[in-house]
A.B. asks: 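Below are the structure tokens for one structure; questions will follow.
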Amino acid sequence: MIFSFQKGIGKAFHSKKMKGACLNKLRGVKFSISLIALICTTLLIWAWESTPLLTNFLPPSEHFDVHLGMPSAVIHSEIPPNHVDFKDRQQPTEDDSAEARTPAGPIIQVVHQVSENVDANMMPDLVDVKARLGTSPSIATLSTSSGAVPDDDKVSDTATDKKRGCNYGKGKWIADKKRPLYSGFGCKQWLSEMWACRLTQRTDFSYETFRWQPENCEMPEFRESAFLRRMRHKTLAFIGDSLGRQQFQSMMCMITGGRETSDVENVGSTYGLIKAQGAVRPDGWAYRFPRTNTTILYYWSASLCELEPLNRSDPATHYAMHLDRPAFFLKHFLPQFDVVVLNTGHHWNRGKIIANRWEMYVGGKPIANRKLAQIANAKNFTVYSVVKWLDSQLPIHPGLKGFYRSISPRHFVNGDWNTGGSCDNSTPLADGSEVTQDHSSDSVAEGAVMGTNVKLLDITALSELRDECHISKYSIKASTGVHDCLHWCLPGVPDAWNELLYAQI
């Protein structure tokens with residue numbers, strides 16, 4: 001009996017021991033599964049955060065911004081040994097009233113018109129241009145439509161203004177009894193006769209009584225004294241073609257109110273702006289207002305490129321047109337500027353290049369790439385290059401503000417200047433008074449300033465509405481039957497450009 005009791009106890013003990021072993025084994029399995037799950041979860045989280053492809057599964061609002069690469073300009077910080085001095089550069093030998101009058105080759109007009117030539121078929125050419133600049137092209141800047149969407153994290157100050165609701169290029173023309181800001185009769189001191197339509201046979205001047213009102217932007221009223229105070233001890237430089245010269249003359253008339261002013265000093269010699277022997281005019285003009293020590297200047301550089309004579313001893317020499325180098329005057333005097341406004345566009349046609357004896361160079365050598373040698377591509381390359389160069393200089397010169405002005409539109413109808421083209425409309429705003437698009441009609445200019453601190457002075461679309469404001473058939477120096485549908489009557493549209501500039505400086 002005792003044996004049976006001991007045996008029963010042994011079985012019970014053995015049974016309990018077996019159950020304990022099973023329980024421990026089960027607990028061990030659960031612990032192992034938990035450990036494995038923890039490790040897998042950790043690895044998954046690490047992989048999710050470190051693997052960009054997995055972010056494709058995130059909702060759109062949580063996607064990281066993708067920054068598109070922008071072209072980098074070829075920046076030359078040193079003056080080459082054989083560099084042409086700005087005093088020795090090619091003189092502008094043609095009359096401004098005939099700026100776009102070269103029968104050979106197509107004439108580039110507004111960029112949205114240029115885009116007809118820079119369409120999908122030319123995309124490989126633009127890709128090659130970007131490649132020559134040193135980086136991959138941006139999708140936004142390759143777009144030829146005005147609907148290109150800039151990268152929100154790589155926008156200029158102008159684009160930042162747009163994000164806040166202010167878009168200086170978007171708005172409408174409104175009637176204003178206070179216009180014009182100066183008299184076309186009175187501003188003879190600064191205004192060229194060929195652009196003073198009040199001195200011509202034109203009789204309708206209702207176009208003078210409108211001003212541009214941007215959408216959601218504070219536009220300060222332009223006052224001569226306020227402008228000079230804002231520009232005290234500062235220099236404003238316009239550098240570009242004859243449309244830049246019109247903007248310069250407009251600014252001089254606006255600052256003086258169109259009145260004869262005796263205390264303004266001609267300081268052109270300070271900048272080498274002296275009429276050379278045999279030249280039609282100097283390369284530019286510079287004037288100083290002594291009371292505020294404010295200087296306003298203009299320099300003629302139709303292409304914004306450095307022009308270097310290929311044979312200095314030959315008066316009829318050809319010029320190396322360095323697409324990747326800014327005009328020497330710009331590079332040399334930039335440290336003295338506080339605000340600089342650049343423009344180019346209407347000299348980029350085959351006829352002008354041949355007439356001016358320009359030969360396109362990149363990297364110090366003649367262009368061998370046929371795609372880059374195409375005029376539209378060469379022009380776009382240059383715009384990107386000079387804007388990128390200017391942007392690189394802004395940190396070196398604190399306080400300097402750089403602007404690139406978009407292209408001014410032409411309004412020839414039924415032909416060009418030499419094929420019967422005209423611009424006879426005299427009714428203000430016949431095709432509408434408002435610009436509703438968010439992006440510039442000059443997509444090249446908009447793309448060039450994107451990702452830089454250079455501001456876009458966007459005047460293309462607003463000027464496109466003002467076809468009645470051109471010199472038209474009333475140009476003093478024009479041949480009979482020839483219309484100037486490129487340049488503007490002054491007072492006129494360029495005054496609005498300067499008001500937009502004033503609002504941003």
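All heavy atoms count here, side chains included; hydrogens, waters and symmetry mates do not. We number each residue from 1, following the sequence as shown.
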A.B. asks: Is Arg230 positioned over the aromatic face of Tyr502, cation under 6.0 angstrom from the ring centre and no more than 45 degrees off axis?
C.D. replies: yes
A.B. asks: Check salt bridge (Lys or Arg N to Asp or Glu O under 4.0 Å) between Glu359 and all other residues, then give those that pass, not counting sequence neighbours.
C.D. replies: none
A.B. asks: Between the side chain of Thr382 and the main-chain N/O of Ala378, is any donor-acceptor distance below 3.5 Å?
C.D. replies: yes
A.B. asks: Taking only residues two or more places apart in sequence, or in another chain, which ones meet Glu434 in a side chain to side chain donor-acceptor pair (under 3.5 Å)?
C.D. replies: none
A.B. asks: What pairs meet the disulfide bond (SG atoms under 2.5 Å apart) rule with one or both residues in residues 216-275, with sequence neighbours excluded?
C.D. replies: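 Every pair satisfying disulfide bond (SG atoms under 2.5 Å apart) with a residue in residues 216-275: Cys166-Cys217, Cys187-Cys253.
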A.B. asks: If you apply the rule side-chain contact (heavy atoms from CB on, under 4.5 Å), what do you find for Ile239 with Val341, and how did you get there?
C.D. replies: CA-CA 6 Å; Ile239 300 178; Val341 182; over 6 Å; no
A.B. asks: Evaluate the side-chain proximity of Ile367 to Leu323: yes if any heavy-atom separation is below 4.5 Å, no if none is.
C.D. replies: yes
A.B. asks: In this structure, which one of Trp195, Phe412, Trp488, Tyr207 forms a ring-ring contact (aromatic ring centres under 6.0 Å, His included) with His470?
C.D. replies: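 Answer after filtering Trp195, Phe412, Trp488, Tyr207: Trp488.
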A.B. asks: Listed by chain and number, what are the side-chain contact (heavy atoms from CB on, under 4.5 Å) partners of Ser426, not counting sequence neighbours?
C.D. replies: Asp204
A.B. asks: My understanding is that only residues two or more places apart in sequence, or in another chain, count here; which of them pass ring pair (Phe, Tyr, Trp, His ring centres under 6.0 Å) with Phe337?
C.D. replies: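 Partners of Phe337 under the ring pair (Phe, Tyr, Trp, His ring centres under 6.0 Å) test: none.
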A.B. asks: Mind checking what makes side-chain contact (heavy atoms from CB on, under 4.5 Å) contact with Ala286, not counting sequence neighbours?
C.D. replies: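 Listed in chain order: Val267, Tyr271, Leu273, Leu297.
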A.B. asks: Step by step, work out the salt bridge (charged side-chain N to carboxylate O under 4.0 Å, His left out) result for Arg179 and Glu221.
C.D. replies: CA-CA 11 Å; Arg179 303 306 161 109; Glu221 182 179 353; over 6 Å; no
A.B. asks: Exactly one of Ser406, Ser441, Ser440 should register a side chain to side chain donor-acceptor pair (under 3.5 Å) with Thr460. Which one does?
C.D. replies: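 Answer after filtering Ser406, Ser441, Ser440: Ser406.
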A.B. asks: Examine distances only and state if a side-chain atom of Asp442 and a backbone atom of Ile407 form a donor-acceptor pair shorter than 3.5 Å.
C.D. replies: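 A pair under 3.5 Å: yes.
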A.B. asks: In chain order, what residues pass the side-chain contact (heavy atoms from CB on, under 4.5 Å) check against Glu224, with sequence neighbours excluded?
C.D. replies: Arg259
A.B. asks: Would Gln247 and Arg245 satisfy side chain to side chain donor-acceptor pair (under 3.5 Å), going step by step from the backbone distance to the final call?
C.D. replies: CA-CA 5 Å; Gln247 189 173 2; Arg245 182 183 171 196; over 6 Å; no
A.B. asks: Is there a side chain to side chain donor-acceptor pair (under 3.5 Å) between Thr292 and His233 once you walk through the steps?
C.D. replies: CA-CA 6 Å; Thr292 56; His233 305 305; over 6 Å; no
A.B. asks: Does Thr261 reach the main-chain N or O of Thr256 with its side chain, forming a donor-acceptor pair under 3.5 Å?
C.D. replies: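 A pair under 3.5 Å: no.
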A.B. asks: Quick check on the 6.0 Å ring-centre criterion: do Phe329 and Tyr299 meet it?
C.D. replies: yes
A.B. asks: Taking it one step at a time, do Tyr182 and Asp495 satisfy side chain to side chain donor-acceptor pair (under 3.5 Å)?
C.D. replies: CA-CA 10 Å; Tyr182 56 90; Asp495 302 336; 2.8 Å; yes
A.B. asks: Just to verify, what does Lys177 make a salt bridge (Lys or Arg N to Asp or Glu O under 4.0 Å) with, not counting sequence neighbours?
C.D. replies: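 Per chain and number, Lys177 pairs via salt bridge (Lys or Arg N to Asp or Glu O under 4.0 Å) with no residue.
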A.B. asks: Does Leu490 form a side-chain contact (heavy atoms from CB on, under 4.5 Å) with Cys197? I'd like the steps, not just the answer.
C.D. replies: CA-CA 7 Å; Leu490 291 175; Cys197 289; over 6 Å; no
A.B. asks: Donor-acceptor pair, distance only, cut-off 3.5 Å: does the side chain of Asp391 make one with the backbone of Asn453?
C.D. replies: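 Yes, because the side chain of Asp391 sits within donor-acceptor range (under 3.5 Å) of the backbone of Asn453.
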A.B. asks: With the side chain counted from C-beta on, respond yes when Leu501 and Met251 share a heavy-atom pair under 4.5 Å apart, and no when they do not.
C.D. replies: yes
A.B. asks: If you take the centroid of each ring, where Trp contributes its six-membered ring, are His318 and Trp358 closer together than 6.0 Å?
C.D. replies: no
A.B. asks: Would you say that Leu243 contacts Leu486 through its side chain, given a criterion of any heavy-atom pair below 4.5 Å between the two side chains?
C.D. replies: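 A side-chain contact under 4.5 Å exists here.
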A.B. asks: Kindly state each residue pair satisfying salt bridge (charged side-chain N to carboxylate O under 4.0 Å, His left out) with at least one member in residues 396-406, sequence neighbours excluded.
C.D. replies: none
A.B. asks: Ring centroids only, cut at 6.0 angstrom: are Trp190 and Phe248 within range, meaning strictly under it?
C.D. replies: no
A.B. asks: Mind checking disulfide bond (SG atoms under 2.5 Å apart) for Cys305 and listing every partner two or more places apart, or none if nothing turns up?
C.D. replies: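 Cys305 satisfies disulfide bond (SG atoms under 2.5 Å apart) with no other residue.
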A.B. asks: Look only at the side chain of Ser301 and the backbone of Ala327, and say whether a donor-acceptor pair between them is shorter than 3.5 Å.
C.D. replies: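 Checked: no pair found.
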A.B. asks: So does Glu464 pair up with Arg466, basic N to acidic O under 4.0 Å?
C.D. replies: no
A.B. asks: I'd like to check Phe403 versus Val339 (side-chain heavy atoms, cut-off strictly below 4.5 Å). Are they in contact?
C.D. replies: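 Side-chain contact under 4.5 Å: yes.
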A.B. asks: Measure the shortest side-chain to side-chain distance between Leu330 and Val386 over non-hydrogen atoms and say whether it is less than 4.5 angstrom.
C.D. replies: yes
A.B. asks: Between the side chains of Asn167 and Asn216, is a donor N or O closer than 3.5 angstrom to an acceptor N or O?
C.D. replies: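 The answer is no; no qualifying pair exists.
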A.B. asks: For His322, give me all partners under ring pair (Phe, Tyr, Trp, His ring centres under 6.0 Å), at least two apart in sequence or on another chain.
C.D. replies: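 For His322, the residues satisfying ring pair (Phe, Tyr, Trp, His ring centres under 6.0 Å) (neighbours in sequence not counted) are Tyr361.
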A.B. asks: Do Asn377 and Ile375 have side chains that approach each other closer than 4.5 Å (heavy atoms only, starting at C-beta)?
C.D. replies: no
A.B. asks: Would you find a donor on one side and an acceptor on the other, under 3.5 Å apart, between the side chain of Gln504 and the backbone of Leu500?
C.D. replies: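 Looks like yes, one N/O pair under 3.5 Å.
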A.B. asks: Is the backbone N or O of Ser192 less than 3.5 Å from a side-chain atom of Gln249, with the two atoms forming a donor-acceptor pair by type?
C.D. replies: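 A pair under 3.5 Å: yes.
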A.B. asks: Please lay out, stage by stage, how Ser408 and Ile459 fare under the test side-chain contact (heavy atoms from CB on, under 4.5 Å).
C.D. replies: CA-CA 7 Å; Ser408 175; Ile459 58 88; 4.2 Å; yes
A.B. asks: Just so I know, are the side chains of Ser303 and His347 near enough to count as touching, which here means a heavy-atom distance under 4.5 Å?
C.D. replies: no
A.B. asks: Can you tell if the side chain of Lys388 reaches within under 4.5 Å of the side chain of Thr452, non-hydrogen atoms only?
C.D. replies: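 Yes, side chains in contact.
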A.B. asks: Do Trp389 and Ser385 have side-chain N/O donor and acceptor atoms under 3.5 Å apart?
C.D. replies: no
A.B. asks: Going through the distances and angles, do Cys469 and Cys489 end up as a disulfide (SG to SG under 2.5 Å)?
C.D. replies: CA-CA 6 Å; Cys469 298; Cys489 289; over 6 Å; no
A.B. asks: Holding to side-chain contact (heavy atoms from CB on, under 4.5 Å), I want the full list of residues that pass it with Glu208, two or more places apart in sequence or in another chain.
C.D. replies: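 Glu208 satisfies side-chain contact (heavy atoms from CB on, under 4.5 Å) with Pro180, Arg198, Phe205, Pro491 once adjacent residues are dropped.
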A.B. asks: Under the criterion side chain to side chain donor-acceptor pair (under 3.5 Å), I'd like the reasoning laid out for Asn293 against Arg232: C-alpha separation, chi angles, the key distance, then a yes or no.
C.D. replies: CA-CA 6 Å; Asn293 189 30; Arg232 182 181 298 275; over 6 Å; no
